[in-house]
Protein chains: 2
Amino acid sequence: MLSHTEENYLKAIFNLELSHSKNVSTTLIAKNLHTKASSVTDMIKKLAEKNLVNYQKYKGVTTTTEGKKRAIKVVRKHRLWEVFLVEKLNFNWDEVHEIAEQLEHIESDELIERLDTYLNYPTKDPHGDPIPDAKGKMRAEKAILLSNANKDILYKITCVKDNSSALLQFLDKHALNIDSELTVLDKFDFDNSITVELNNGNNLTLSHKICTNVFVTIK
Amino acid sequence: MLSHTEENYLKAIFNLELSHSKNVSTTLIAKNLHTKASSVTDMIKKLAEKNLVNYQKYKGVTTTTEGKKRAIKVVRKHRLWEVFLVEKLNFNWDEVHEIAEQLEHIESDELIERLDTYLNYPTKDPHGDPIPDAKGKMRAEKAILLSNANKDILYKITCVKDNSSALLQFLDKHALNIDSELTVLDKFDFDNSITVELNNGNNLTLSHKICTNVFVTIK
DNA sequence: ATTTATTTTTAGAGTAGTCTAAATTTATGA
DNA sequence: TCATAAATTTAGACTACTCTAAAAATAAAT
């Protein structure tokens with residue numbers, strides 16, 4: 001059985017491995033968990049001792065097969081609880097992250113499977129992130145960043161990168177949601193902003209920062 | 001903000017205060033939390049420092065007004081989650097205690113009020129225990145122990161004292177539930193067992209141990 | 001009332017996790 | 001390639017909580 005802290009480290013390492021690929025560095029983990037590099041080193045040693053990460057001094061870490069399994073389980077729990085909070089308790093999608101961060105550590109296999117059933121086996125959370133199934137399989141999304149989208153092609157939003165309230169509230173205010181459809185009309189070299197047309201006919205100019213935090217697929 | 005451990009101590013002290021009345025002893029708390037008396041002394045000092053309990057060396061503790069408020073909130077959360085687990089996720093009443101023991105520490109006022117709304121403001125948990133409302137008010141139940149019930153009077157079960165699976169499974173097997181109706185037919189001095197008649201006409205003889213763990217009120 | 005038993009507290013130490021500051025290793029760049 | 005910068009690890013200390021064993025206080029019993 002892992003402590004909440006161990007689970008948090010494992011989840012962070014796993015996520016960073018996916019987004020930054022291969023050997024995750026100590027400082028990157030520290031930044032992610034708002035802690036210090038020295039604390040990370042200590043914890044990494046502990047996780048390596050338990051065969052949950054591969055670790056060589058000064059070379060960063062990767063998760064082992066067992067480590068991945070544990071991390072995926074935490075991710076599954078986090079995302080299922082997010083669906084519960086939004087679908088059943090009517091929370092807004094920008095309010096659920098902190099609470100799910102706590103709920104993901106509740107220990108009970110039976111609970112999580114019953115929750116999954118109750119929610120009717122959802123495959124994505126309110127932010128569009130895929131929910132791993134009970135075996136740990138996760139839908140591989142061939143989504144691209146909105147910043148890399150081409151002009152005059154119809155896309156739909158599938159996922160947002162950042163779960164911060166600030167981003168989610170911005171999207172809400174501009175009627176942008178998971179499954180919203182849009183076409184890129186213009187790309188501006190000056191500040192890398194782009195103008196999109198929504199399927200209600202409205203035009204919207206989005207900053208580069210927004211575009212690098214929103215994933216889309218061709219509709 | 002209190003740690004899980006502090007909340008657990010506070011809840012235990014509060015419950016023992018209700019059941020054993022006045023100045024709860026160090027050993028009683030230790031037994032209740034499966035820890036050692038010396039650990040209890042340490043924690044009591046910490047809680048006294050925060051004005052959550054009144055403490056005089058060697059004289060036991062009582063909760064302060066603020067301490068009671070915090071304890072009641074934990075109890076409210078525990079019991080609401082138990083209702084959720086039974087009503088929505090179809091757990092049996094003997095399976096929910098351990099999980100609720102974890103869920104009761106999730107920190108979010110918004111969450112607990114939305115859960116309450118979602119469950120349609122229940123007033124008792126699956127074991128018949130009263131759920132405090134958002135202001136901390138709890139229904140005062142004038143229930144008596146089945147062991148103190150009189151002959152030939154129609155009672156109904158309102159609550160069970162012990163949340164252990166063993167007791168709950170015994171009751172399940174004998175079709176005894178919250179709101180089950182029964183009449184005491186006989187009381188045996190030899191072993192303090194009693195014979196009851198259920199409203200389906202069946203007779204049942206119950207041991208003293210069972211009778212001191214089941215609460216009833218006159219129907 | 002004084003011994004004995006029980007309860008409670010203190011003292012000292014251990015584990016999990018955190019930090020700062022210093023030392024070491026790796027990466028960078030003239 | 002050699003100096004310097006950046007990243008990483010170690011060392012030592014701190015908080016929260018736990019324990020055992022011994023000391024002190026209270027309760028019980030002759």
Side-chain angles (χ1 to χ4, degrees), chain A residues 1-13 16-17 19-63 67 70-71 74 101-102 104-107, chain B residues 1-13 16-17 19-63 67 70-71 74 101-102 104-107:
Chain A
M1 246 213 53
L2 299 179
S3 69
H4 291 196
T5 313
E6 288 171 320
E7 286 193 343
N8 284 336
Y9 270 91
L10 218 43
K11 191 180 67 159
I13 296 166
L16 291 169
E17 221 174 343
S19 57
H20 291 67
S21 77
K22 287 273 104 181
N23 293 55
V24 183
S25 77
T26 305
T27 27
L28 193 58
I29 299 167
K31 246 167 221 152
N32 212 259
L33 293 176
H34 304 103
T35 183
K36 296 294 142 83
S38 56
S39 307
V40 174
T41 304
D42 282 353
M43 181 54 84
I44 281 172
K45 285 182 187 166
K46 211 175 130 191
L47 293 175
E49 195 63 44
K50 296 186 176 185
N51 285 309
L52 297 169
V53 298
N54 306 113
Y55 172 55
Q56 281 189 91
K57 271 190 191 179
Y58 299 100
K59 305 289 182 191
V61 285
T62 57
T63 49
R70 306 289 196 107
V74 177
E101 207 71 11
Q102 298 178 61
E104 73 188 7
H105 300 296
I106 301 293
E107 166 89 13
Chain B
M1 247 213 54
L2 300 179
S3 69
H4 291 196
T5 314
E6 289 171 319
E7 286 193 343
N8 284 336
Y9 271 90
L10 218 44
K11 190 180 68 157
I13 295 166
L16 291 170
E17 222 175 341
S19 57
H20 291 67
S21 77
K22 288 273 105 182
N23 293 55
V24 183
S25 77
T26 305
T27 27
L28 193 57
I29 299 167
K31 246 167 220 151
N32 212 259
L33 294 175
H34 304 106
T35 182
K36 294 295 142 80
S38 56
S39 308
V40 174
T41 304
D42 281 355
M43 181 54 84
I44 280 171
K45 284 182 186 167
K46 213 175 129 191
L47 293 174
E49 195 64 44
K50 296 186 177 186
N51 283 310
L52 297 169
V53 298
N54 306 111
Y55 171 55
Q56 281 189 92
K57 270 191 190 176
Y58 298 101
K59 305 290 182 189
V61 285
T62 58
T63 49
R70 306 289 195 106
V74 177
E101 207 70 12
Q102 297 178 63
E104 72 187 8
H105 300 294
I106 301 295
E107 167 89 14

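Lettering of chains follows the sequences in order, A, B, ..., and the numbering in each one begins at 1. Quick note: numbers below take in every heavy atom, side chains included, and nothing from hydrogens, waters or symmetry partners. Treat the numbers as computed from the prediction; the structure is a model and nothing was measured.
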- Partner set under side chain to side chain donor-acceptor pair (under 3.5 Å) for B/E107, not counting sequence neighbours: none
- Between B/D42 and A/Y9, whichever has its closest DNA chain C nucleotide further toward 5' is B/D42
- Query: With the sugar-phosphate defined as primed atoms, P, OP1 and OP2, and the base as all remaining atoms, what B/S/- string results for nucleotides 22-27 of chain D, 5' to 3', for protein heavy atoms under 4.0 Å?
  - Reply: ---SS-
- side chain to side chain donor-acceptor pair (under 3.5 Å) against B/E104, all qualifying residues, sequence neighbours excluded: B/K11, B/H78
- Query: Does any N or O donor sit under 3.5 Å from an N or O acceptor when you compare the side chain of A/S38 with the base of C/dT18?
  - Reply: no
- side chain to side chain donor-acceptor pair (under 3.5 Å) contacts in which one or both residues fall within residues 30-39 of chain B, not counting sequence neighbours: none
- Item | Contacts of B/H20 that satisfy ring-ring contact (aromatic ring centres under 6.0 Å, His included) - sequence neighbours left out | none
- Where the side chain of B/T27 is concerned, which of C/dT8, D/dT10, D/dC19 is the nearest nucleotide? C/dT8
- With a 4.0 Å heavy-atom cut-off, tell me which residues in residues 30-37 of chain A come close to DNA chain C, sorted by residue number. A/T35, A/K36
- Note on the structure: Contacts of B/T63 meeting side chain to side chain donor-acceptor pair (under 3.5 Å) (sequence neighbours excluded), chain-then-number -> B/E17, B/K68
- Those residues that, when tested against B/N54, pass side chain to side chain donor-acceptor pair (under 3.5 Å) (two or more places apart): B/T62
- Item | Non-neighbouring partners of A/K50 that pass salt bridge (charged side-chain N to carboxylate O under 4.0 Å, His left out), sequence neighbours left out | A/E6
